[in-house]
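Note sheet for the following structure.
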Amino acid sequence: MDNFEQTSRRIRITVMGLGYVGLPLAVLFVKGGFHVTGFDINPELITKLRNKEMSLPSLAEHDAHFITTSDHFSATSDLDELRDSDAIIICVPTPLGADRQPDLRYIEAAADSIKQILRPGQLVILESSTYPGTTKEIANRIIAGTSYVIGEDLFIGYSPERIDPGNSQYSVETIPKLVSGITPACLNQVIQLYSSVFKEIKPVTSPEIAEMAKLLENTYRFINISFINELAILCDAMHIDIWEVIDGAKTKPFGFNDFYPGSGIGGHCIPVDPLYLQWKLEQLGLESSFIRESERINESMPMYIVKRISELLKPSTPLKGASILLYGITYKSNVADVRESSAIKVLQYLHEAGADVSYHDPYMDTIHVGGTLFQSVELTADVLQRADCVVILMTHNAMPKADILKYASLVYDTRDVMDKQRNMRNVIRLGDS
Ligand SMILES: NC(=O)c1ccc[n+]([C@@H]2O[C@H](COP(=O)([O-])OP(=O)(O)OC[C@H]3O[C@@H](n4cnc5c(N)ncnc54)[C@H](O)[C@@H]3O)[C@@H](O)[C@H]2O)c1
């Protein structure tokens, strides 16, 4: 990719994995004037993109319209269509397996696909979050049995994706981009490509630094949110308002970052990435006691919420048979994503305890939990009045706070969203009992 500035717009980019990370990245490169082929193994998604469907959870409607109507973008599940790719960016999932250990099967499958379309001069960039050492493992998998030399005829790097779906302040191109390469020549290729679309590039000296930096960011959040959840439980016992405590502490202009309690940490990244690090440490005979303890606290939060609901119900209303209405089951505000959502666990535990549980979420019409299909109910005055307890698990902009306050006989607010109305007759908050 010499004379990059002159030839860049002729470079063909493949984005492998068109989810929350891959599609916004594809949009960014198409906006930058590149030709992008989106490759995904999900045929329904490819059909949606080809049919120009706008309801894609990972893209705002205007971006969905832009990319699906652009003649610089095509979507495919056919590897043959990737043979002329100059740069391949891997954005596939890195979940936990059933044993809660890293499941690298998607990255490995992506590497095996690349092996089939390999040609000299290609640049491969891994964006998926993973443990230190993965990029080199994947590079070795791609070149195994070939005569390719990394840094001479194949260039491989790692650049962690730090996108925050639903965040209107920081978009994919304005978040500083950490970049790395297996060799200096690899790093140079990554810098050249990425500096043409990202506003700020931060090169680091090895893929392991970039891989570990991503895990540090997310493990830092994981540990701090777990700590504030533990403090919320302790504040419940001490009858001290955790929310006012945080408001007070955060007036210090330095040395304190505010984190807030809730029913547990969800999503594809924060509860998962620390366990990638923990696994890698275990391979080396090491461990992080902070990660272990934070995981224990996080896992216990949904059951704690259920215990509190049970305690808050009138003595005459046992949890079994009680009508419990949950508001918000996604893992974060204003996002249609329930991966690892702690609210789903609250729903499951309530259902298993025999409660008559229902939910409302403007972003999730239906949800399967433990073999049962639940359907989002409408928040009418009647539905709110009939609930023995309305539990706020996640906030969304569309939340009808006034109606909930007006009609619900009991609100258990785990997010302190009832406009900080202290001592309201019918509102009990997590961390303030
Ligand atoms: N979602 C986020 O907010 C976020 C933020 C930063 C980093 N990440 C990381 O980015 C990576 C991707 O996450 P995501 O949220 O976009 O996942 P996602 O599940 O939304 O999308 C992944 C896509 O990859 C496809 N896929 C799976 N295997 C494939 C293969 N072999 N070839 C081609 N496509 C394949 C899936 O069909 C899916 O469409 C993960 O490692 C995640 O931890 C995610």
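Counting starts at 1 for both ligands and their atoms, in listed order. Below, all heavy atoms of this structure are taken into account, side chains as well, without hydrogens, waters or symmetry copies. Keep in mind the model is a prediction, meaning the values are calculated, not measured.
- Ring-plane geometry between Y194 and F29 is classed as tilted, the angle between the planes lying from 30 to 60 degrees on a 0 to 90 degree scale.
- Ranking the protein heavy atoms by distance from atom 3 (O) of ligand 1 puts P165 CD, 3.1 Å first.
- In the vicinity of G19, heavy-atom distances shorter than 4.0 Å reach the ligand 1 atoms 16 (O), 18 (P), 20 (O), 21 (O), 23 (C).
- Closest to atom 43 (O) of ligand 1, if we only count protein heavy atoms, is S129 OG, 3.3 Å.
- Of all atoms in ligand 1, listed by their number and element, those nearer than 4.0 Å to a heavy atom of A110 are 31 (N).
- The atoms of ligand 1 that sit less than 4.0 Å from any heavy atom of S128 are 11 (C), 41 (O).
- Using a 4.0 Å cut-off between charged nitrogen and carboxylate oxygen, E211 and K136 do not count as a salt-bridge pair.
- The closest non-hydrogen atom to atom 5 (C) of ligand 1, taken over I163, T14, D273, comes from I163.
- For ligand 1, the atoms sitting less than 4.0 Å from at least one non-hydrogen atom of T94 are 40 (C), 41 (O), 43 (O), numbered in the order shown with element in parentheses.
- Every residue meeting the salt bridge (charged side-chain N to carboxylate O under 4.0 Å, His left out) condition with E108, not counting sequence neighbours, appears here in chain and number order: R141.
- Ranking the protein heavy atoms by distance from atom 4 (C) of ligand 1 puts C269 SG, 3.4 Å first.
- Looking at S113 against ligand 1, nothing comes within 4.0 Å, counting heavy atoms.
- For atom 11 (C) of ligand 1, the closest heavy atom belonging to the protein is V92 O, 3.4 Å.
- What sits closest to atom 13 (O) of ligand 1 on the protein, heavy atoms only, is H268 CD2, 3.5 Å.
- Shortest contact from atom 15 (O) of ligand 1 to any protein heavy atom: R339 NH2, 3.2 Å.
- Counting only distance, with no hydrogens or angles, the side chain of D40 and the backbone of N42 share a donor-acceptor pair below 3.5 Å.
- Less than 4.0 angstrom separates some heavy atom of G17 from each of these atoms of ligand 1: 23 (C), 24 (O), 25 (C), 33 (C), 34 (N).
- A cation-pi contact, defined as under 6.0 Å to the ring centre and within 45° of the axis, links K177 to F198.
- Between N229 and Y304, the side chains place no donor N or O within less than 3.5 Å of an acceptor N or O (distance only, hydrogens not considered).
- Some N or O of Y20 is nearer than 3.5 Å to an N or O of ligand 1, by distance alone.
- The shortest N or O to N or O distance between D40 and ligand 1 is under 3.5 Å.
- Remark: D86 engages R119 in a salt bridge, criterion side-chain N to carboxylate O under 4.0 Å.
- Between the S180 side chain and the T205 main chain, no donor and acceptor come within less than 3.5 Å of each other.
- Summary of contacts: the protein heavy atom closest to atom 26 (N) of ligand 1 is I41 CG1, 3.8 Å.
- Under 4.0 angstrom from ligand 1, the non-hydrogen atoms of K214 all belong to its side chain.
- Ligand 1 places these atoms under 4.0 Å from at least one heavy atom of N42: 37 (O).
- Atom CZ of R221 has 12 or fewer neighbouring heavy atoms from other residues, nucleotides or ligands inside a 6.0 Å radius.
- Under a cut-off of 6.0 angstrom, the local environment of NZ in K202 is sparse, with at most 12 non-hydrogen atoms contributed by other residues, nucleotides or ligands.
- Taking the six-membered ring wherever Trp is involved, the centroid distance between the rings of Y363 and H396 falls below 6.0 Å.
- Salt-bridge formation is not detected for the pair K280/E208: no Lys NZ or Arg NE/NH1/NH2 atom is positioned less than 4.0 Å from an Asp or Glu carboxylate oxygen.
- Listed by first and then second residue, the salt bridge (Lys or Arg N to Asp or Glu O under 4.0 Å) pairs involving residues 54-65 are K31-D63 (not counting sequence neighbours).
- Between V21 and ligand 1, a contact under 3.5 Å exists for at least one N or O pair.
- Atoms of ligand 1 found under 4.0 Å from any heavy atom of L45 (numbered from 1 in listed order, with element): 39 (O).
- No N or O atom of E161 sits closer than 3.5 Å to an N or O atom of ligand 1.
- Salt-bridge annotation for R292 and E282: present, with a side-chain N of the basic residue lying under 4.0 Å from a carboxylate O of the acidic one.
- At least one heavy atom of P93 sits closer than 4.0 Å to an atom of ligand 1.
- The ligand atoms of ligand 1 that sit less than 4.0 angstrom from a heavy atom of F39 are 32 (N), 33 (C), 34 (N).
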